[in-house]
Each structure stands twice: as structure tokens, then as C-alpha cells.
Peer 1: 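I have a structure I would like to understand better, so I am pasting it below and will then ask my questions one at a time.
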Amino acid sequence: MLSIRAAAVKDASLLKSLICELAEYERERDHVVITEADLVRDGFGPQPKFRALIAEWGGQPAGYALFFGLYSTWEGRPGLFLEDLFVREQFRGKGIGGALLGKVAGIARRENCYGLRWEVLDWNQPAIDFYKKLGATFLDQWKSVLLTGEALERAAKTN
């Protein structure tokens, strides 16, 4: 019943819908500004900025994973950053999230990556419990930092 495939350009509309559903779940829907054109340009153009997998359950879109490369100066090799991992509510509890994560982990292994990195919201206890069961390491001593908007403009002007 479960199939997982690489997203294709024809999936841009579906990806946008899934991204919006994830943002709704994360209580941040009003922050999503991405367009289908952005997804086509950045995921399926000559120099893709991300890759995505689509999970289908019984032929119905059930979830997705979106990831991209990063580099570890300490390890001296690449890794993958899992930006989004999302399963639609009606498909949860069927092992789809674990299967998507497993597919991304398999890609990381085949590409000789040092590891897979991602973030989880501190209130998302089901996800935290799932990641703990996997044996993931939580980097509690690290704080995520984001520089955007006017702050990014100010920082850029100092150079």
C-alpha cells in the first residue's frame, strides 16, 4: 500500500499543498509565501537546491520529505539536512514517516554523507518521541539562529 518516489516537476502543486499543510500543523500557515514557480525553479531546474520524496498510500498522496545538502568541516564530507518531514493526519500511524526518513537516510548512506540533520519544534512531542526511539541525538546545547528581513539587510550592508 505504501510507495515512495522522487518528486517530479509535475508534483509542484502537490508539494506546495503539503508544505502549507505542514505549516498549518506547525501553527505558522500565514508565513508561507512559496509558490509553485519557486518550487519548479529551485527543485527541478538546472541546479536543484533541494530534493523531495512523495509518499503515497493506496495511490493517495500521504506525505513528503524535502531535503538538501550541507557540508561538515569537522567530518570533511557532506551531510543532508531534512527541511520537512510530514505525513497527513489521516495517514499517520502507518509507518509512513519512518519510511520517508529511512529513504532519506538511505540516500545519505549511498552518497557517503556523515549524517542527516533536522530540527523539531519543542512542543511536537510525538515527533520527539519518534526521533528518540530512532536513537537520534538531540543537540540541546545548540541554538538555531535565523537572520532574515531587515536584520539580514543590515548585516549585508556592513560588508
Side-chain angles (χ1 to χ4, degrees), residues 1-72 75-139 144 146 148:
M1 282 195 113
L2 175 64
S3 65
I4 297 176
R5 61 177 176 79
V9 69
K10 68 179 174 60
D11 295 310
S13 177
L14 173 60
L15 279 172
K16 182 176 184 240
S17 293
L18 291 166
I19 289 165
C20 290
E21 289 177 42
L22 170 61
E24 183 75 31
Y25 175 77
E26 292 182 347
R27 307 170 191 157
E28 297 282 343
R29 174 60 183 95
D30 57 329
H31 288 74
V32 176
V33 297
I34 197 165
T35 67
E36 289 178 34
D38 295 331
L39 290 164
V40 169
R41 178 194 64 226
D42 294 337
F44 307 101
Q47 295 181 315
K49 308 286 189 271
F50 68 84
R51 292 181 272 175
L53 300 174
I54 304 289
E56 295 175 331
W57 185 268
Q60 297 297 310
Y64 78 110
L66 189 143
F67 56 98
F68 52 86
L70 52 82
Y71 190 80
S72 171
E75 293 284 337
R77 57 190 178 139
L80 291 178
F81 188 87
L82 180 61
E83 178 70 13
D84 293 347
L85 177 65
F86 178 71
V87 176
R88 288 177 157 162
E89 186 173 2
Q90 66 268 35
F91 297 103
R92 293 182 190 148
K94 300 179 183 303
I96 297 169
L100 278 166
L101 187 61
K103 286 281 189 188
V104 178
I107 291 167
R109 202 172 81 212
R110 282 191 300 282
E111 295 179 3
N112 193 33
C113 293
Y114 76 91
L116 182 57
R117 190 171 183 149
W118 67 92
E119 297 174 344
V120 62
L121 290 165
D122 61 359
W123 56 259
N124 191 347
Q125 199 60 48
I128 291 168
D129 294 343
F130 172 66
Y131 300 145
K132 283 182 178 178
K133 269 202 289 193
L134 287 175
T137 302
F138 286 77
L139 305 174
S144 288
L146 181 63
T148 63

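Quick note: numbers below take in every heavy atom, side chains included, and nothing from hydrogens, waters or symmetry partners.
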Peer 1: With the threshold set at 4.0 Å, does a side-chain nitrogen-carboxylate oxygen contact exist between Arg41 and Asp38?
Peer 2: yes
Peer 1: Salt bridge (charged side-chain N to carboxylate O under 4.0 Å, His left out) with Glu56: which of Arg88, Arg5, Lys94?
Peer 2: Arg5
Peer 1: Heavy-atom distance under 4.5 Å between the side chains of Leu121 and Glu26, does that happen here?
Peer 2: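 Yes, their side chains come closer than 4.5 Å.
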Peer 1: I'd like to know if the side chain of Asp11 and the backbone of Ala8 have a donor-acceptor N/O pair within less than 3.5 Å.
Peer 2: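 Judged by distance alone, yes, a pair lies under 3.5 Å.
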Peer 1: Less than 4.5 Å apart, any side-chain heavy atom of Arg77 and any of Cys113?
Peer 2: no
Peer 1: Kindly check if the number of other-residue, nucleotide or ligand heavy atoms within 6.0 Å of CD (Glu89) is above 12?
Peer 2: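 No - once you tally the heavy atoms of other residues, nucleotides and ligands closer than 6.0 Å, there are 12 at most.
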Peer 1: Side-chain contact test, heavy atoms from C-beta onward, threshold under 4.5 Å: evaluate it for Leu116 versus Phe67 and give yes or no.
Peer 2: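 The answer is no; the side chains never approach within 4.5 Å.
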Peer 1: Please tell me if the side chains of Tyr25 and Asn124 come closer than 4.5 Å, counting only heavy atoms from C-beta onward.
Peer 2: yes
Peer 1: So does Glu111 pair up with Arg51, basic N to acidic O under 4.0 Å?
Peer 2: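 Here Glu111 pairs with Arg51 in a salt bridge, since their nearest N and O are under 4.0 Å apart.
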Peer 1: Can you say whether the rings of Phe44 and Phe50 are parallel (under 30°), tilted (30 to 60°) or perpendicular (over 60°)?
Peer 2: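 Perpendicular: the ring planes of Phe44 and Phe50 meet at over 60°.
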Peer 1: Applying the side chain to side chain contact (heavy atoms under 4.5 Å, CB included) criterion to Tyr64, which one of Leu100, Leu14, Leu22 satisfies it?
Peer 2: Leu22
Peer 1: Using side-chain heavy atoms (C-beta onward) and a distance below 4.5 Å, is Leu85 in contact with Tyr131?
Peer 2: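 Yes - at least one pair of side-chain heavy atoms lies under 4.5 Å apart.
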